[in-house]
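So the structure is just underneath, and the comments pick up after that.
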Amino acid sequence: MTRNHKPRGLRVVVVGQGYVGLPLAVRAAEVGHHVVGLDVDAGRIKRLVIGESYVEDISDKRLAPLLAASAYRPTVDPSDCAGFDVAVVTVPTPLRDGAPDLSHVEEAARTLGHHLTRGATVVLESTTYPGTTEEVFRPLLERGSGLTAGRDFHLGYSPERIDPGNPTWRLENTPKVVSGIDPSSMEAVRAFYASLVDTVVPVASCKEAELTKLLENTFRHVNIALANELAIFAHDLGIDVWAAIDAASTKPFGFMRFTPGPGVGGHCLPVDPSYLSWRVERALGQNFRFVELANDVNNHMPDYVVRRLVAGLNERGKPLKGSRILLLGLAYKANTGDARETPATRIAELLTGMGAEVQAADPHVLDDAHPRAVGLAGLQQVDVTPARLAAADAVVLLADHDAFDYPLISAHAPYILDCRRRLAGAGAHVDSL
């Protein structure tokens, strides 16, 4: 059942065509596999069929030749999964009332189970708690297919490491952690990903691979929370936290740079560490205190941004109620249209609830093709013009996209709260978080 070192021409199904699944499907098609991209969102599939990408990392130009050659076929029809050699599941795993929601993973397993045949390989990539692959995913596959994992088909887990908008670290040059439920599964999973990426990193079990992903994101979450809380206290102490971070970053060992911001977003940081915390509590009856503290700090950064804005307006003799506030950047980070779990949602809701007139500008979050956080749909988006900037009582920089004209912003905005330190040294009218 073991595949060749770098197999080509496999029939591959990628379930989920979002920020993780679409780059994976495109890469698999580019290296010579025959790929079906399955998604339940008919609007997404309609756009993909005509060669229109909604993911920044995948251009229309990359899609066009793959569609023309039928190397990549987007679909909403589960029957198109029939006869697959490899299936990869990249569906969302959100939190619902503080608990993991694996409904999308479970539905994907049921779908694939109906089409699973002997010798095939199934890989879960969706971020989840340790044990999901073997305790949740495997039984559903076996029940739907009547086959046994390990004996009749290969099963493994490989955590996604997609960083939307990162021009340096892409799918193909980012090391890929892989695992399998047994040696034969491990080899099948390893061989498939070896055909897609430069470096494959095998680990001994699916649980270790699942924990790897949660460790990576919990590490970032905790350290960002440290930077955020430090920023709050440093401001109250009259210390420039950014200058301290810059100085500490000159140390060539024992320090890694993390910076404060208006809050965390995307799927990873607001969600993934809580999966680990939930698992620890359910399995061991103990609290994961680092995660809970990080959640508390990062979740309240939007409230802190609003408090700082209120204080800044008060110093200028303006109440927040009735003030015109322009938010720059709705995405959760720079140079991407990804607005999942963006802190901009909470900030806009707080400001609106306190009587401010809120507008926003984001050159990347333009239409419904980009994932939007609940609450952003009704927020009026405007162009960043000299007149618009001058008319605002305050401009708040939330995501420092390169597309923004920072000299223009600095020249015309009467007061700026810079949550990303993009306008350092621009003048007394700029406050840094």
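Being a predicted model, the structure only gives us computed values, none of them experimental.
With a 4.5 Å cut-off on side-chain heavy atoms, H221 and N298 count as touching. Considering only heavy atoms from C-beta on, L313 comes within 4.5 Å of I325 through its side chain.
Using a cutoff of 4.0 Å between basic side-chain nitrogens and carboxylate oxygens, D393 and K318 are scored as salt-bridged. Taking the charged nitrogens against the carboxylate oxygens, K207 and E134 have no contact shorter than 4.0 Å, which rules out a salt bridge. Between K46 and D41, no side-chain nitrogen of the basic residue sits less than 4.0 Å from a carboxylate oxygen of the acidic one, so the salt-bridge criterion is not met.
When all heavy atoms of A403 and P363 are compared, the pair lying nearest together is CB-CG, 3.8 Å.
Residue pairs satisfying the side-chain hydrogen bond (donor to acceptor under 3.5 Å, both in side chains) criterion with at least one member in residues 407-420, sequence neighbours excluded, are listed as follows: Y415-D431. Annotation: salt bridge (charged side-chain N to carboxylate O under 4.0 Å, His left out) contacts involving residues 57-76, sequence neighbours excluded, comprise E30-R62, R73-D80. Counting only residues at least two apart or in different chains, ring pair (Phe, Tyr, Trp, His ring centres under 6.0 Å) contacts with residues 241-265 comprise F219-F258. Listed by first and then second residue, the side-chain hydrogen bond (donor to acceptor under 3.5 Å, both in side chains) pairs that reach into residues 250-264 are D246-R257, S249-R257, sequence neighbours excluded. Sorted by first and then second residue, the salt bridge (charged side-chain N to carboxylate O under 4.0 Å, His left out) pairs involving residues 278-291 (not counting sequence neighbours) are E135-R279.
A distance of 8.0 Å separates CD of E341 from OG1 of T345, quoted to the nearest 0.5 Å.
For R11 (side chain) and V35 (main-chain N/O), no donor-acceptor pair under 3.5 Å exists by modelled atom type.
The aromatic rings of Y406 and F404 sit perpendicular to each other, their planes meeting at more than 60°, with 30° as the lower class boundary.
In this structure, Y72 has no ring-ring contact (aromatic ring centres under 6.0 Å, His included) partners at least two apart in sequence or on a different chain.
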(Q) For a side-chain hydrogen bond (donor to acceptor under 3.5 Å, both in side chains) check, start with the C-alpha distance between T199 and K176, then their side-chain angles and the critical distance, and finish with the verdict. (A) CA-CA 6 Å; T199 305; K176 196 79 167 77; over 6 Å; no
Q.
side-chain contact (heavy atoms from CB on, under 4.5 Å) for R346 and N299? Distances and angles first, verdict last.
A. CA-CA 9 Å; R346 174 68 176 163; N299 290 345; over 6 Å; no
Q) What do the steps show when you test L379 against V358 for side-chain contact (heavy atoms from CB on, under 4.5 Å), and what is the final call? A) CA-CA 8 Å; L379 190 61; V358 183; 3.8 Å; yes
Q. Does the pair F137 and V89 meet the rule for a side-chain contact (heavy atoms from CB on, under 4.5 Å), with working shown?
A. CA-CA 10 Å; F137 197 54; V89 174; 3.7 Å; yes
Q.
Is there a ring pair (Phe, Tyr, Trp, His ring centres under 6.0 Å) between H33 and F192? Walk through the geometry before answering.
A. CA-CA 10 Å; H33 299 305; F192 170 65; 5.6 Å; yes
Q) Can you list the steps and then say if T75 with D77 is a side-chain hydrogen bond (donor to acceptor under 3.5 Å, both in side chains)? A) CA-CA 6 Å; T75 182; D77 187 355; 5.4 Å; no
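Of the options D400, D338, N166, D163, a side chain to side chain donor-acceptor pair (under 3.5 Å) to K333 is made by D163 and by none of the others. P74 pairs with exactly one of L48, L38, V14 by the side chain to side chain contact (heavy atoms under 4.5 Å, CB included) rule, that one being L48. Of the listed residues (T128, T127, T133), just one forms a side chain to side chain donor-acceptor pair (under 3.5 Å) with E210, and that residue is T133.
The local environment of CG in D383 is sparse, with at most 12 non-hydrogen atoms from other residues, nucleotides or ligands closer than 6.0 Å. Within 6.0 Å of CZ in F290 there are 12 or fewer heavy atoms belonging to other residues, nucleotides or ligands.
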